[in-house]
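Input: a single structure, listed below in structure tokens.
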Amino acid sequence: MRSNNRTGSVSGTGLIIAALLATLVALAFPIWSYADRAGTGLDTLNAQTVPTPFGPLSALDRDFVTRVRLAGLWELPAGQQAQERGTTQAVRTAGEHLIEGHTFLDTRVRNVAARLSLELPNQPNPQQRQWLTALSAAHGTEYDQDFANILRKAHGKVFALVAQVRANTRNSLVRDLADDANTTVLDHIKVLEATGYVDFDALAEDAATASPPPLTNSPAPPGPVRSPSSPVPVAPSSGYPLPPAAARANPTSAS
């Protein structure tokens, strides 16, 4: 009987010790599994970040630089088109702001890309080409509405990316570019809204149902590269001649 009691006591003590060990393992698991293990956010950040003289350059940083360039490649032609086709002074003024803002930003982003040894695209992406095609097919008030809403929607998405990059980047060149992009994009949002054609309900619905945009897969710095040439605003092609640009007063400056 005494032998059985001892066996039971030993077994009970063993179970208690095993339970305590299991608890310690469970408590330690989150620390081990999320500190710097393969597949975690921190591990991905470290794997996709490259050193530069201006601070670490992350995949998001490279994506942002690429997107700034892409924005100018289609918004410059869209701005010129709005100056020629807009039926109201507000639409034509918005077009002028697009040209001025992205001419400035494109010079900045080409300088940044050259210093970081990043390649930049020279053509709009397929989605941006679709937007330009849609604008080229519209005319009159329909054009004004399409211009204001397509451009406002695109700027809203870029605005969110600029804020994310500005808040998290460790690269001084990217940080300064984000500051300039923030000022320019906000100015464009204001002048587009000033046209009176922006559908805010549609913007809210789109934001509620949209999935996060994918990265543009901008490559890591491959070494010194030539800076791409400046994008030149071109008249969009259409099946009918464009009307002459309307006479317009001196453009108002953004507040």
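Just so it is clear, the model here is predicted, and its values are computed rather than measured.
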message: side-chain contact (heavy atoms from CB on, under 4.5 Å) for Leu118 and Leu57? Distances and angles first, verdict last.
response: CA-CA 11 Å; Leu118 286 173; Leu57 187 72; 4.1 Å; yes
- prompt: Is there a side-chain contact (heavy atoms from CB on, under 4.5 Å) between Thr88 and Val91 once you walk through the steps?
  reply: CA-CA 5 Å; Thr88 70; Val91 171; 3.3 Å; yes
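Ala194 pairs by the side chain to side chain contact (heavy atoms under 4.5 Å, CB included) definition with nothing, not counting sequence neighbours. Residues passing the salt bridge (charged side-chain N to carboxylate O under 4.0 Å, His left out) test with Arg175: none are found, sequence neighbours excluded. With sequence neighbours left out, Thr87 forms a side-chain hydrogen bond (donor to acceptor under 3.5 Å, both in side chains) with Asp144. In terms of the side chain to side chain contact (heavy atoms under 4.5 Å, CB included) criterion, residue partners of Phe54 (sequence neighbours excluded) are, by chain and number, Thr52, Arg115, Leu116, Asn171, Ser172, Leu173. Remark: Glu205 engages no residue in a side chain to side chain contact (heavy atoms under 4.5 Å, CB included) (not counting sequence neighbours).
Taking both residues in full, the closest heavy atoms of Ala178 and Phe64 are given as CA-CZ, 3.7 Å, listed atom of the first, atom of the second, then distance. For the pair Ala78 and Tyr143, the tightest heavy-atom approach, listed with the atom from each and the gap, is O-OH, 4.0 Å. Among all heavy-atom pairs drawn from Ala113 and Leu120, the shortest one is CB-CD1, 3.5 Å. Shown here for Leu177 and Val65, the closest heavy-atom pair between the two residues is CD2-CG2, 4.2 Å. The heavy-atom pair separating Gln81 from Ser136 by the smallest distance is NE2-OG, 3.3 Å. When every heavy atom of Pro77 is checked against every heavy atom of Gly72, the shortest pair comes out as CD-O, 4.0 Å.
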Please set out all donor-acceptor pairs under 3.5 angstrom arising from side-chain atoms of residues 160-168, sequence neighbours excluded.
residue	atom	partner	partner atom	Å
Arg166	NE	Asp179	OD1	2.6
Asn168	ND2	Gln164	O	2.9

Only pairs under 3.5 Å count here: list side-chain donor-acceptor contacts from residues 145-152, not counting sequence neighbours, and write none if there are none.
residue	atom	partner	partner atom	Å
Asn149	OD1	Asp199	N	2.7
Asn149	ND2	Gln145	O	2.9
Asn149	ND2	Tyr197	O	2.9
Arg152	NE	Glu193	OE2	2.9
Arg152	NH2	Glu193	OE2	3.2

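Using a distance-only test at 3.5 Å, with no hydrogens or angles considered, a donor-acceptor pair links the side chain of Arg85 to the main chain of Ala138. Between the side chain of Glu100 and the backbone N or O of His97 there is no donor-acceptor pair closer than 3.5 Å. A donor-acceptor pair under 3.5 Å is formed between the side chain of Thr107 and the backbone N or O of Thr103. Judged purely by atom type and a 3.5 angstrom limit, Arg69 has no side-chain atom pairing as donor or acceptor with the backbone of Asp106.
There is a side-chain donor-acceptor pair under 3.5 Å between Ser58 and Asp61.
Between the CD atom in Gln48 and the CG atom in Asp63 there is a gap of 10.5 Å [rounded to 0.5 Å]. Atoms CG and CD, on Leu70 and Gln123 in that order, are 10.5 Å from each other to the nearest 0.5 Å. Taking CG of Asn125 as the start and CD of Gln130 as the end, the distance is 9.0 Å to the nearest 0.5 Å.
In this structure the side chain of Val174 never reaches within 4.5 angstrom of the side chain of Arg62, judged on heavy atoms. At least one side-chain heavy atom of Asp176 sits under 4.5 Å from a side-chain heavy atom of Arg108.
In the hydrophobic cluster analysis, where Ile, Leu, Val, Met, Phe, Trp and Tyr join through side-chain heavy atoms closer than 4.5 angstrom, Trp131 is grouped apart from Val198. In terms of hydrophobic clustering, with Ile, Leu, Val, Met, Phe, Trp and Tyr side chains grouped at heavy-atom distances under 4.5 Å, Leu203 and Leu192 are assigned to different clusters.
The salt bridge (charged side-chain N to carboxylate O under 4.0 Å, His left out) analysis of residues 156-165, with sequence neighbours excluded, yields the pairs Lys157-Asp206. For residues 171-196, the ring pair (Phe, Tyr, Trp, His ring centres under 6.0 Å) pairs, not counting sequence neighbours, are His102-His188, His155-His188.
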